[in-house]
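Encoded as structure tokens, the structure appears first; notes follow it.
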Amino acid sequence: MDSVYSPQQIEAKWYQYWLDNKFFHSEPDGREPYTIVIPPPNVTGVLHMGHMLNNTIQDILVRRARMTGKNACWVPGTDHASIATEAKVVGKLAEQGIKKTDLTREQFLEHAWDWTREHGGIILKQLRRLGASCDWDRTGFTMDEQRSASVIKVFCDLYDKGLIYRGVRMVNWDPKALTALSDEEVVFQEHHGKLYYLRYKVEGEDAYAIVATTRPETIMGDTAMCINPRNPKTAWLKGKRVVVPLVGRVIPVIEDEYVDIEFGTGCLKVTPAHDVNDYMLGEKYNLPSIDIFNDNGTLSEAAGLYVGMDRFDCREQIVRDLDAAGLLEKQEDYTNNVGFSERTHVPIEPKLSMQWFLKMEHLAKIALNPVMQDDIRFYPAKYKNTYKHWLENIKDWCISRQLWWGHRIPAYYLPEGGFVVAESAQQALEKAKKQTGNENLSVGDLRQDPDCLDTWFSSWLWPISLFNGILDPGNKEINYYYPTTDLVTGPDIIFFWVARMIMAGYEYEGKMPFRNVYFTGIVRDKLGRKMSKSLGNSPDPIELIDKFGADGVRMGMMLSAPAGNDILFDESLCEQGRNFNNKIWNCFRLVKGWQVSDAEQPRYAALATRWFQALLAKTAGQVADLFTKYRLSEALMAVYKLFWDEFSSWYLEMIKPQYGCPIDRTTYEQTLTFFDSLLKLLHPFMPFITEELWQNLYERRQGETIMLAQLGSFGEPDETIIGEVEHLKAVITGVRNIRQQRNIPQKEQLELQVLSDEAFSAEATEVITKLSNLSSIVAVEQKAANSASFIVGVTEYAVPLDAFINVEEELRKLEADLKYQEGFLAGVMKKLSNERFVQNAKPEVVAMERKKQADAESRIAALKESIKALGK
RNA sequence: GGGCGCUUAGCUCAGCUGGUUUAGAGCGUCUGCCUUACAAGCAGAGGGUCUGCGGUUCGAAUCCGUAAGCGCCCACCA
């Protein structure tokens, strides 16, 4: 075995072994189920650091579940990602000189499927490098047959329930993707623009009303000017009509309190077709609505001017023209928030269009309480507020998208108007015949709605549709695996996905979709910047794995990833992970390199094994508790310290046989069982190295795996021995300190004097002697004249020194310590001399203070004595 | 504009119902070591009064109020 651990071949080997033996596969049985469904990544995406974090956490939870008696099932899959994928396909076609509009729907979909087959699943392959223990046999895709049929069935069901409707509404229009978006898909960003003051001539007068606007290019759509009836400054305009500049159209001045008196000039131009608020005014006052934009953001025929020009080019041009015409009063810098498309990053155009909507009132209602009452638990819980606020202010969900890549809306339009909704064309025809009374209708007469459904309309069914709960309700699998146990996802999709899954869960299963939601943070670079392609600050996860090993990277991710907090990722964390792997590796080399004899177990080893057994039990308990609280980084840190500090630095040093000597069988075997337990505790965090070492720790049979080994129970820890050894460790450290400070070589043996009646046990004496290389430990009443001393607890220890000690330095140390102790005592006395403290505080608290007082006093006495002894 | 959260050692963070020897961890730093498992290591050390102010209490990093800074979410006034 090499002294450096090389993960590469080892990781590949064991992943294949796990696959070959189907260890990841789950079938319903008598055990308690533990289920996770993966947040499906985009089918054509590649792995980034966010996925790494998210999937590492899921894998840790799943692996831990397997080792604690659960039947664990982690279902993987991918998302068709309607807009993102369609945009990629359109882009690729454009490279080949093909326009989407030149293709039929069928031709386009063929290209899209080709693209999906080519790039699809890369990300799932990458997850294997990470060690993800997904049940690959169950891999799903939001657009595969089963999931598609589920989506269509749910759409029809909701339509039949009257929850889905079709109508013309103001929606968020993405002029690049040429589709409507839901409110959640719009991100507002600060935009530095200008505020333009335009002159609207008052009809029949030689006066102008000034309107401030950020969007002068929309004046062609103006159908009114609005003032606040209570604004004296604009009162002179009441009942008048004004002329839209350049356009020449005469529009009325209307009055509404909506207008902010303080803002701009107090006059608002009203463009009902291109602004949400103006739309409301338009409805209220029955204003005409002129849609001046084409779908792609260029000016339409209806605009009359600038036809065909892009909306932003038009803005520049119209400002010049207005200025030339003397109709631009002034312009000033102005910062406002502009909505951008989450996917294509172009400014959203509010647009009136015919879309499909899902009513949210009922669904929001059934989804709120379970979270507020902690039936579904959020980690961290602070996201309950966010969730509540969203549900209480929810608007209907625009679910139609003017895209081809997705689930096509199952609505069929009839030749003579109207439509039917049905799961298939055939069923639609039946309905159509019934509805129209026309028995001669054929499938060819029906025209299916060309639009697709929002991607999230399939994602929200994921925990159900993966177990076929929509198409085959109450089947064995859905009954067993649903509700799933944990959901691990980012808080950025709490509305998109989490909330909607909860709605669907209660609507279709009558039960929560998951019991716990663990919100991960966002992975940022060490400077706190979001990782992005343009910044180039996002490491390639696969390269990281090549460099540090999957186990090292997993540990790097987990070392600073408390739930809900952003993690500042730094490669040095992976380095720490790799170093830990190396440490484990070398401990294994040490232990397995020992010769074993049948000699009796030495006393120091008897103490060490009893102690470590207790500490192992204690830490295992802490880890179990931390897992129930989803404090995974803390759980990892607890095992890390147990392995490195306690097992490796203390325990192994305690039991280590002298160089060249064998170890007794009892201690050896005990040590192997400790190692076995440590590997099992570590396995969820670092699956590969633990499998490798576990396989070599004992003779294992073919088909055995640490993955399915059970953690078992460690019993109640013996706190007494843990405390005793803590004391011994402090004594050993005290002696080591003396060596360090006085440059005494490790090889030189020292004597340790104990100023106490209570002697160490024979076992303890051996341990201290061994680890601090002593010639003897003796109880004395008075320490040697030339000695260095230290105090542990209330006992003073001294090491006689041959050489003359530096009296001054010794005194300085003692006096510093004395000063500290006296300060401490003063603090205690202040409390104890406070009558109200003694009266009001709990008795055990007072007793504790008394103990502190006594201890401090005895330490002070010892120190004073030492100082006096040195002083003469 | 509304809401939520954060501010503890150089960095990243714990600190649950106020009292567990005048605040803990990991990393980094400093010192001494190539000691025959590991220099990707070993041994040891230093470092903060818990953002400021006020209050409640016998007692506050912990509870309340307030100011400042930072972050997130929602709304979106042209």
Side-chain angles (χ1 to χ4, degrees), chain A residues 1 3-5 188 195 211-215 218 226 258-260 262-265 267-271 275-278 334 336-339 380 382-386 389-390 393 491-492 494-495 522 526 528 548 552 559-562 564-568 570 572-573 575-594 629 631 633-634 637-638 640-641 648-649 652-653 656 659-660 733 736-737 739-741 743 745-747 793 820-821 823-828 830-831 834-842 844-846 848-849 851-853 855-856 859:
Chain A
M1 271 174 97
S3 75
V4 172
Y5 172 61
F188 285 89
L195 192 58
V211 168
T213 178
T214 54
R215 300 202 62 190
T218 62
C226 191
Y258 164 75
V259 178
D260 185 348
E262 303 300 319
F263 188 88
T265 59
C267 298
L268 173 72
K269 68 193 261 322
V270 183
T271 320
D275 183 279
V276 183
N277 296 302
D278 293 9
Y334 187 69
N336 65 339
N337 283 332
V338 176
K382 66 176 175 184
Y383 289 111
K384 283 164 70 179
N385 291 325
T386 314
H389 184 261
W390 185 72
N393 295 282
D492 50 332
I494 187 168
F495 310 135
I522 293 168
K526 62 178 165 183
F548 300 106
L559 274 173
S560 69
N565 278 18
D566 287 359
I567 87 159
L568 303 188
D570 186 346
S572 69
L573 292 171
E575 204 176 311
Q576 195 185 339
R578 180 201 58 185
N579 294 354
F580 184 44
N581 277 291
N582 206 235
K583 184 69 188 179
I584 300 169
W585 181 254
N586 278 294
C587 286
F588 185 85
R589 287 175 61 218
L590 172 71
V591 171
K592 288 302 276 188
W594 283 330
K629 294 171 178 150
R631 302 173 79 142
S633 6
E634 284 174 60
M637 188 48 71
Y640 175 79
K641 285 196 279 192
S648 174
S649 297
L652 290 179
E653 292 302 326
K656 206 177 192 175
Y659 181 61
T733 301
R736 285 173 176 174
N737 235 324
R739 277 187 198 277
Q740 169 96 1
Q741 284 161 2
N743 263 320
Q746 182 59 36
K747 283 173 205 151
Y820 173 89
Q821 295 295 347
F824 174 72
L825 180 63
V828 175
K830 196 177 155 201
K831 275 192 188 177
N834 182 339
E835 259 178 58
R836 286 184 297 180
F837 168 72
V838 180
Q839 277 167 14
N840 296 329
K842 281 181 280 184
E844 55 267 35
V845 173
V846 178
M848 176 68 72
E849 291 303 312
K851 169 102 166 49
K852 283 190 203 171
Q853 179 196 352
D855 289 357
R859 282 194 298 262

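Residue numbering restarts at 1 for every chain, and letters A, B, ... go by the order of the sequence lines.
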Nearest-Å distance for atom pair CZ/P, residues A:R736 and B:A45: 10 Å
field: A:Y640 side-chain N/O to B:C27 phosphate OP1/OP2 under 4.0 Å
entry: yes
message: Pairing donors with acceptors under 3.5 angstrom, does anything connect the side chains of A:R589 and A:N586?
response: yes
- prompt: If we take the C1' atom in both B:G32 and B:A39, what is their distance in whole Å?
  reply: 14 Å
- request: For A:N737, report the nucleic acid contact type (base, sugar-phosphate, nothing); a contact means any heavy atom under 4.0 Å.
  value: sugar-phosphate
N/O (side chain, A:N586) to phosphate O (OP1/OP2, B:G41) under 4.0 Å: no
Distance test, side-chain N/O of A:Y334 to OP1/OP2 of B:A78, below 4.0 Å: yes
field: Distance (rounded to the nearest 0.5 Å) between A:N385 CG and A:H389 NE2
entry: 10.0 Å
- prompt: Considering every strand shown, what is the Watson-Crick or G-U wobble mate of B:U17 when both distances are under 3.5 Å?
  reply: none
task: State, without any angle test, whether A:K269 and A:T218 hold a side-chain donor-acceptor pair at a distance under 3.5 Å.
output: yes
task: Assign A:F495 to base, sugar-phosphate, or nothing according to its heavy-atom contacts below 4.0 angstrom with the strands shown.
output: sugar-phosphate
message: Return the pairing partner of B:A45 with a 3.5 Å limit on both distances, Watson-Crick or G-U wobble; otherwise return none.
response: B:U29
query: Below 3.5 Å, does any donor atom in the side chain of A:Q740 face an acceptor in the base of B:U31, or the other way round?
result: yes
task: Go ahead and name the base partner of B:U35; Watson-Crick or wobble counts if both distances stay under 3.5 Å, otherwise write none.
output: none
message: Without decimals, in angstroms, what is the distance between A:Q741 CD and B:G44 P?
response: 12 Å
- line: By the Watson-Crick or G-U definition, both distances under 3.5 Å, B:G65 is matched with B:C53
- request: Assign A:E653 to base, sugar-phosphate, or nothing according to its heavy-atom contacts below 4.0 angstrom with the strands shown.
  value: base
query: Under 30°, 30 to 60°, or over 60°: which ring-plane class applies to A:Y640 and A:F580, parallel, tilted or perpendicular?
result: perpendicular
- prompt: Contact class for A:F588 (heavy atom, under 4.0 Å): base, sugar-phosphate, or nothing?
  reply: nothing
field: A:T271 backbone acceptor or donor facing A:D275 side chain under 3.5 Å
entry: no
Side chain A:N393 and base B:C74 donor-acceptor under 3.5 Å: no
message: Under 3.5 Å for both donor-acceptor distances, Watson-Crick or wobble: does B:G5 have a partner, and if so which one?
response: B:C70
- request: Grab the CZ-P distance between A:F580 and B:C27 for me, whole Å please.
  value: 11 Å
field: Any A:K851 side-chain nitrogen or oxygen under 4.0 Å from OP1 or OP2 of B:U20
entry: no
- request: Quote, to the nearest angstrom, the C1' distance that separates B:U49 from B:C42.
  value: 34 Å
message: To the nearest 0.5 Å, what is the distance between NZ on A:K583 and OG on A:S649?
response: 5.5 Å
Heavy-atom side-chain proximity of A:F188 to A:V338 below 4.5 angstrom: no
- request: In whole angstrom, give me the gap between the C1' atoms of B:U20 and B:C64.
  value: 26 Å
field: Check: A:R578 side chain, B:A40 base, donor-acceptor under 3.5 Å
entry: yes
query: Does atom CD of A:Q839 have more than 12 heavy-atom neighbours, drawn from other residues, nucleotides or ligands, at distances under 6.0 Å?
result: yes
field: Span that lies between the P atom of B:U51 and that of B:A23, in whole angstrom
entry: 15 Å
message: On the nucleotide B:C27, are OP1 or OP2 found under 4.0 Å from the side-chain N or O atoms that A:S572 carries?
response: no
- prompt: Across the strands shown, which category fits A:N834 at heavy-atom distances under 4.0 angstrom: base, sugar-phosphate, nothing?
  reply: sugar-phosphate
query: On RNA chain B, nearest-nucleotide positions of A:K629 versus A:D855: which is more 5'?
result: A:K629
query: In whole Å, what is the span from the CZ atom of A:F188 to the C1' atom of B:A75?
result: 8 Å
- prompt: For nucleotides 4-15 of chain B, read 5' to 3', which letter fits each nucleotide if B means a protein heavy atom sits under 4.0 Å from the base, S means only the sugar-phosphate is that close, and - means neither?
  reply: S-------SSSS
query: For A:G823, which contact category applies under a 4.0 Å heavy-atom criterion: base, sugar-phosphate, or nothing?
result: base
query: Does A:N579 make a side-chain N or O approach to OP1 or OP2 of B:G41 shorter than 4.0 Å?
result: yes
task: Flag yes if more than 12 heavy atoms outside A:E844 fall under 6.0 Å of its CD atom; otherwise flag no.
output: yes
